[in-house]
Every structure is written in structure tokens, then in C-alpha cells.
Amino acid sequence: MIQVSNGHHIYDKLIHITAKKNVMVDEQLKNHTYTHLGGKADFLVRPETYEQVQEIVKLANKENVAFTLLGNGSNLIVKDGGIRGIVMNLQQLTDIKVDNTTIIAQSGARIIDVSREALNEKLTGLEFACGIPGSVGGALFMNAGAYGGEIKDVLTSTTVVDREGDLLTLTADELDLDYRTSNIPDKGYIVLEATFELKPGNYGDIKAVMDDLTYKRESKQPLEYPSCGSVFKRPPGYFAGKLIQDSKLQGSQIGGAEVSKKHAGFIVNKDGATATEYIALIHHIQATVEEKFGVKLEREVKIIGEDPK
């Protein structure tokens with residue numbers, strides 16, 4: 001926790017910007033991540049408007065307090081030492097609006113829900129996202145994709161807050177979207193909303209594709225345990241899961257973290273794992289695969305926070 005005197009000051013400022021119910025002190029972040037991992041945040045704040053997001057960023061800058069955007073915690077590992085300063089979660093910004101073939105979705109909405117809204121409106125183009133667990137903001141952050149589709153295929157523009165707390169509207173091209181990457185982390189942007197352009201389609205055809213992709217996901221992925229999703233990017237010419245499987249690592253455990261027996265590309269929190277154990281298993285996989293096949297697996301999952309003291 002930051003110094004108590006300054007901590008009280010920051011708390012008072014935060015509840016002035018938003019509401020007391022939206023500011024949590026010493027909050028366990030494992031309660032806010034898909035992996036169920038992570039230590040405490042000094043302050044976890046959940047703004048309700050774009051203006052509140054701007055004011056919180058400006059407060060962090062003015063008070064020289066560390067600031068971290070959490071997202072919905074799906075493709076993320078928070079270390080056991082937690083995160084100092086202000087952690088922002090945008091899960092209250094969930095509006096999804098449809099205008100003809102355009103969908104405007106706020107960053108805290110689940111990309112799954114946006115794909116379902118597209119189905120309801122008989123719009124095609126977002127079927128690939130029907131099984132991606134992340135938020136809209138997270139989907140842009142990493143140019144999320146699955147089954148041959150990705151966000152850059154349908155994104156036209158986005159509204160963001162920059163490091164100074166200013167509101168910007170950017171085209172998709174300005175985000176430098178590429179395989180599981182964008183310039184959003186480097187620029188320090190906070191995504192507030194995204195605009196997707198889709199095409200008219202047939203409800204039955206769209207639903208059939210989504211049902212098929214949902215079946216593939218549920219039958220192949222270890223959804224019965226907490227995880228961060230796919231841990232590694234696909235290395236050129238290979239499949240990460242196949243390399244891990246051929247390294248005979250499926251079922252390997254460090255503490256409560258296990259390489260999934262169902263899908264080798266996943267690490268599951270099988271039995272109360274710590275982030276330290278989970279990360280150690282990631283390193284073990286990387287070292288083993290490189291030793292056996294000479295391939296360096298690059299993480300897709302983001303790791304943030306401090307080591308435990």
C-alpha cells in the first residue's frame with residue numbers, strides 16, 4: 001500500500017471523481033482475473049463514464065501515482081505481490097449499439113456479447129469472436145483472433161484516452177494491428193469504445209458457424225479450470241500446443257499449475273496455484289521446447305505486477 005497519508009488523500013480524490021462503491025482498497029486481484037491469480041491492488045477503481053476515466057488518469061499524473069489498466073483479466077497474469085497505485089477496471093462500460101451494419105461497443109463489453117449482438121442483427125464478420133473470453137478493449141489491445149478471423153478484419157475506428165487524459169478518435173490503421181499485437185500498449189492508450197463494420201448475412205448461416213466454433217472450443221479447450229487462455233503465440237511454421245505436446249509436457253505441474261491434459265497450449269490453475277507457480281511453469285515449457293526443438297515460444301499472455309516480498 002502507498003503511504004497511509006497519501007493513500008487517504010488519493011482515496012478521497014477517487015471517490016470524489018466516481019463513487020465510494022466504485023473504489024476498493026487493498027483489493028485481491030485474484031478475484032478479478034480468469035486465472036484466479038494475483039496479489040492486492042492499492043486501489044481498484046471502476047469508472048462509470050468516459051469523463052471519469054479521463055479524470056482518474058489526470059489524477060494519477062498530477063499525484064505521481066502509478067497507474068495500471070486491468071481490463072477484464074482474461075489474457076493476463078497478475079503477480080503475487082500485486083500492483084501498486086491505481087488499478088482501473090472498465091467492466092462498467094458495457095454498452096453495445098447497432099446502427100445498420102455498424103456496431104459500436106464500449107471497452108468493458110465482452111467481445112463474445114458483441115458477436116452475439118451481431119448474430120441477433122443478422123450481421124456477419126464477428127463469428128470468430130464467439131468464443132474469445134476477453135473484453136472489447138482487450139481484443140483491440142492484442143488484435144484478438146481465432147479460427148481464421150481477427151479484430152483488424154472488422155474494426156474501423158476506436159475512441160481512446162491517452163497518457164495525458166485526453167480523448168482521441170483513431171482509425172484502425174492508426175493502431176498498427178498485427179498478429180496478436182497493436183501499438184496500444186506502447187502508446188499507453190486506454191480503449192473506451194470500438195466501432196466495427198460488418199456485412200448483412202443470414203441468421204441461420206451465422207448461427208451455424210458460431211455453433212460449430214463453440215463446439216470446437218468447448219470440446220478442445222479446458223474450460224473446466226481457471227486459465228489465461230492460450231499462453232503462447234503461434235511460432236512461424238509450428239503450433240505451440242503441438243510442440244508442447246511433443247515435448248511430453250502435458251500433465252506437468254508446478255504447485256497447483258498444470259499443463260492441460262486436454263489442450264497443451266493451456267496452463268490451468270488446477271489446485272489453488274500461485275502466480276509464481278504459474279509463471280515458473282511457463283518458463284519450464286519455454287526452456288524445454290527450446291531445448292528439444294530449438295523453437296523459442298513467445299508469450300501471448302501478459303504478465304504484470306510485483307513479485308511477492
Side-chain angles (χ1 to χ4, degrees), residues 1-2 24-46 66-91 107-108 110-112 131-135 137-139 141-142 144 180 185 217 221-233 240-241 244 249-289 297-309:
M1 180 70 177
I2 51 186
M24 290 168 276
V25 179
D26 284 340
E27 177 69 11
Q28 289 281 1
L29 291 173
K30 66 181 179 181
N31 297 327
H32 301 272
T33 61
Y34 274 56
T35 53
H36 296 183
L37 303 172
K40 294 179 179 180
D42 289 345
F43 300 102
L44 179 64
V45 59
R46 298 185 293 188
F67 173 85
T68 304
L69 181 66
L70 185 64
N72 78 339
S74 59
N75 197 241
L76 182 74
I77 298 169
V78 178
K79 292 183 178 181
D80 296 315
I83 303 176
R84 305 287 67 79
I86 299 170
V87 177
M88 184 187 290
N89 177 305
L90 299 180
Q91 284 182 310
S107 61
R110 299 190 311 163
I111 194 68
I112 288 175
I132 296 173
S135 65
F141 186 95
M142 63 176 294
R180 301 300 177 266
R217 176 174 178 261
Q221 296 182 12
L223 305 179
E224 64 273 24
Y225 294 110
S227 82
C228 63
S230 182
V231 178
F232 302 104
K233 296 180 181 180
I244 296 165
L249 287 169
Q250 278 185 285
S252 297
Q253 284 190 240
I254 294 180
E258 178 186 85
V259 180
S260 171
K261 297 184 180 79
K262 193 172 184 180
H263 190 311
F266 286 65
I267 297 174
V268 295
N269 183 350
K270 190 173 182 181
D271 186 20
T274 64
T276 302
E277 292 166 350
Y278 205 96
I279 293 166
L281 189 53
I282 290 175
H283 292 159
H284 175 63
I285 292 167
Q286 289 174 313
T288 303
V289 168
L297 291 180
E298 184 181 351
R299 277 190 291 105
E300 183 174 307
V301 64
K302 185 182 179 187
I303 298 175
I304 62 174
E306 299 185 355
D307 292 317
K309 294 178 181 178

*Count the heavy atoms belonging to other residues, nucleotides or ligands that lie under 6.0 Å from CG of D271, then report whether that count exceeds 12.*
no
*Any idea which heavy atoms bring S135 and G138 closest together, and the distance?*
OG-N, 3.0 Å
*E277 side-chain N/O to A257 backbone N/O, donor-acceptor pair under 3.5 Å*: no
_How long is the straight-line distance from CD of E258 back to CG of L249, given to the nearest 0.5 Å?_
11.5 Å
*asked:* If I take atom OG1 from residue T68 and atom CG from residue L29, how far apart are they, to the nearest 0.5 angstrom?
replied: 9.5 Å
*Between OG on residue S230 and CZ on residue R299, distance to nearest 0.5 Å*: 13.0 Å
*asked:* Closer than 3.5 angstrom, by distance alone: can the side chain of E306 be matched with the main-chain N or O of G82 as a donor-acceptor pair?
replied: no
_Using a 3.5 Å distance criterion without hydrogens, assess whether the side chain of Y278 forms a donor-acceptor pair with backbone atoms of I267._
yes
_Shortest non-hydrogen separation from T288 to H284 and the atoms involved_ = OG1-O, 2.8 Å
*Residues, nucleotides or ligands: over 12 heavy atoms within 6.0 Å of K79 NZ*: yes
*Minimum heavy-atom distance E224-Q221, with the two atoms named*: OE1-O, 4.2 Å
*Is there a side-chain contact between L69 and L90, using heavy atoms and a 4.5 Å cut-off?*
yes
_Tell me whether E27 contacts the main-chain N or O of A41 through its side chain, where contact means a donor paired with an acceptor under 3.5 Å._
no
*Quick one: closest heavy-atom pair of Y225 and V268, and the distance?*
CB-CB, 3.6 Å
*asked:* If only side-chain N and O atoms count, and only distance matters, is there a donor-acceptor pair under 3.5 Å linking Q91 with H32?
replied: no
*Pairwise distance OG(S227) to NZ(K262) - rounded to 0.5 angstrom*: 11.0 Å
*State the NE2-CG distance between H283 and L297, to the nearest 0.5 angstrom.*
12.0 Å
*Can you name the nearest heavy-atom pair linking T274 to L37, along with the distance?*
C-CD2, 3.6 Å
*asked:* Quick check against the 3.5 Å criterion: does N89 have a side-chain atom that pairs as donor or acceptor with the backbone of L70?
replied: no
*asked:* Donor-acceptor check, side chain of Q253 to backbone of G255, threshold 3.5 angstrom: yes or no?
replied: yes
*So, do I285 and V231 sit near enough that their side-chain heavy atoms are less than 4.5 Å apart?*
no
*Got a second to check how far D80's CG is from D307's CG, nearest 0.5 Å?*
8.5 Å
*Measure the shortest side-chain to side-chain distance between N75 and F141 over non-hydrogen atoms and say whether it is less than 4.5 angstrom.*
no
*With a 4.5 Å heavy-atom cut-off, do V87 and F43 have their side chains touching?*
no
*Evaluate the side-chain proximity of I282 to I77: yes if any heavy-atom separation is below 4.5 Å, no if none is.*
yes
*Identify the heavy atoms of T35 and P226 that sit nearest to each other, and give their distance.*
O-CB, 3.7 Å
*With the side chain counted from C-beta on, respond yes when M142 and K233 share a heavy-atom pair under 4.5 Å apart, and no when they do not.*
no
